Amino acid sequence: MVVGVPERGEPAVVELGAGTGAFTSAIQRRLGGRGRHVVVELNARFAAAVARAHPAVEVVCEDAVRLPELLARLGVGPVDVVVSGLPWVAYAGQPPLIGSVARVLSPAGVYTQFAYTWTRWAAPARRLAGGLREAFEEVVTTATVWRNLPPAVVYVARRPRLPAADGEITGP
Ligand SMILES: C[S@@+](CC[C@H](N)C(=O)[O-])C[C@H]1O[C@@H](n2cnc3c(N)ncnc32)[C@H](O)[C@@H]1O
């Protein structure tokens, strides 16, 4: 999930839905004090706990779909990496969220999102994965990580397509 975080430079990293902070710790280790790391977490308790545990992280307690305006407020962007811990089928695969992520990423940016293997082949999940491919030029799906409980894959999306004038992401 966090291999997109560059090991050099001063990257801008945004994490969506940090929960108990497993990805947060991994991102912080990889950054080693460089760049900026913004967490957008809707649950106030999780947001407060992550902020306490990671003073270097900028934590915003908001809905991730508002990402473009939240980052503008913080003066962050364009973003190098978006790491999403959001539930894929319930939320993160929805067009408004994918559009928000595509809008804030730099042209060379990378977006990682996990999906549980057992839900992947259901019609809604397949539709959502199609939406991801429309919004990004390249989407690579990793092998199943069986050690995760439940087992999961990671979608690694690169090169966001530019939004049309009405704000909708359009494929070829
Ligand atoms: C599956 S959990 C995150 C798992 C995380 N990797 C961990 O280590 O705990 C999903 C998180 O997304 C948050 N969330 C759900 N919908 C959200 C939204 N619309 N905006 C921001 N955060 C959201 C939830 O509050 C929850 O903390």
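Because the structure is a prediction, the values reported are computed rather than measured. Ligands are counted one by one from 1 in listed order, and the atoms in each one are counted from 1 as well. What's counted below: heavy atoms across the whole structure, side chains too, no hydrogens, waters or symmetry copies.
- Between Gln113 and Ile98, every side-chain heavy-atom pair lies at or beyond the 4.5 Å cut-off.
- Comparing heavy-atom distances from atom 5 (C) of ligand 1 across Pro96, Gly85, Ala18, Ser84 singles out Ala18 as nearest.
- Environment of CZ in Arg120: crowded, with over 12 heavy atoms of neighbouring residues, nucleotides or ligands closer than 6.0 Å.
- Using a 4.0 angstrom heavy-atom cutoff, Leu16 does not count as in contact with ligand 1.
- Of the inter-residue distances, the one linking Asn148 atom CG with Met1 atom CE reads 10.0 Å to the nearest 0.5 angstrom.
- If you number the atoms of ligand 1 from 1 as listed, the ones under 4.0 Å from a heavy atom of Glu62 come out as 20 (N), 21 (C).
- In terms of protein heavy-atom proximity, atom 26 (C) of ligand 1 is nearest to Glu41 OE1, 3.8 Å.
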Arg126 and Trp121: CA distance, side-chain angles, deciding distance, side-chain contact (heavy atoms from CB on, under 4.5 Å) verdict | CA-CA 6 Å; Arg126 286 208 314 268; Trp121 303 111; 4.1 Å; yes
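- Closest to atom 22 (N) of ligand 1 among all protein heavy atoms lies Leu42 N, 3.2 Å.
- Heavy-atom proximity to Phe46, at under 4.0 Å, picks out these atoms of ligand 1: 27 (O).
- Between the side chain of Arg161 and the backbone N or O of Glu134 there is at least one donor-acceptor pair closer than 3.5 Å.
- Against a heavy-atom cut-off of under 4.0 Å, Ala22 is close to the following atoms of ligand 1: 8 (O).
- Under a 4.0 Å criterion applied to the non-hydrogen atoms of Val40, ligand 1 contributes the atoms 21 (C), 22 (N).
- Taking CD of Gln94 as the start and OG of Ser100 as the end, the distance is 12.0 Å to the nearest 0.5 Å.
- Of the protein's non-hydrogen atoms, Leu86 CD2, 3.3 Å is the one closest to atom 23 (C) of ligand 1.
- Remark: distances from the non-hydrogen atoms of Ala90 to ligand 1 are all 4.0 Å or more.
- Regarding atom 12 (O) of ligand 1, its nearest protein heavy-atom neighbour is Gly17 CA, 3.3 Å.
- Using cut-offs of 30° and 60° for the angle between ring planes, the Phe23 and Phe114 rings count as perpendicular.
- For atom 20 (N) of ligand 1, the nearest protein heavy atom (residue, atom name, distance) is Ala64 N, 3.0 Å.
- Under a cut-off of 6.0 angstrom, the local environment of CD in Glu7 is sparse, with at most 12 non-hydrogen atoms contributed by other residues, nucleotides or ligands.
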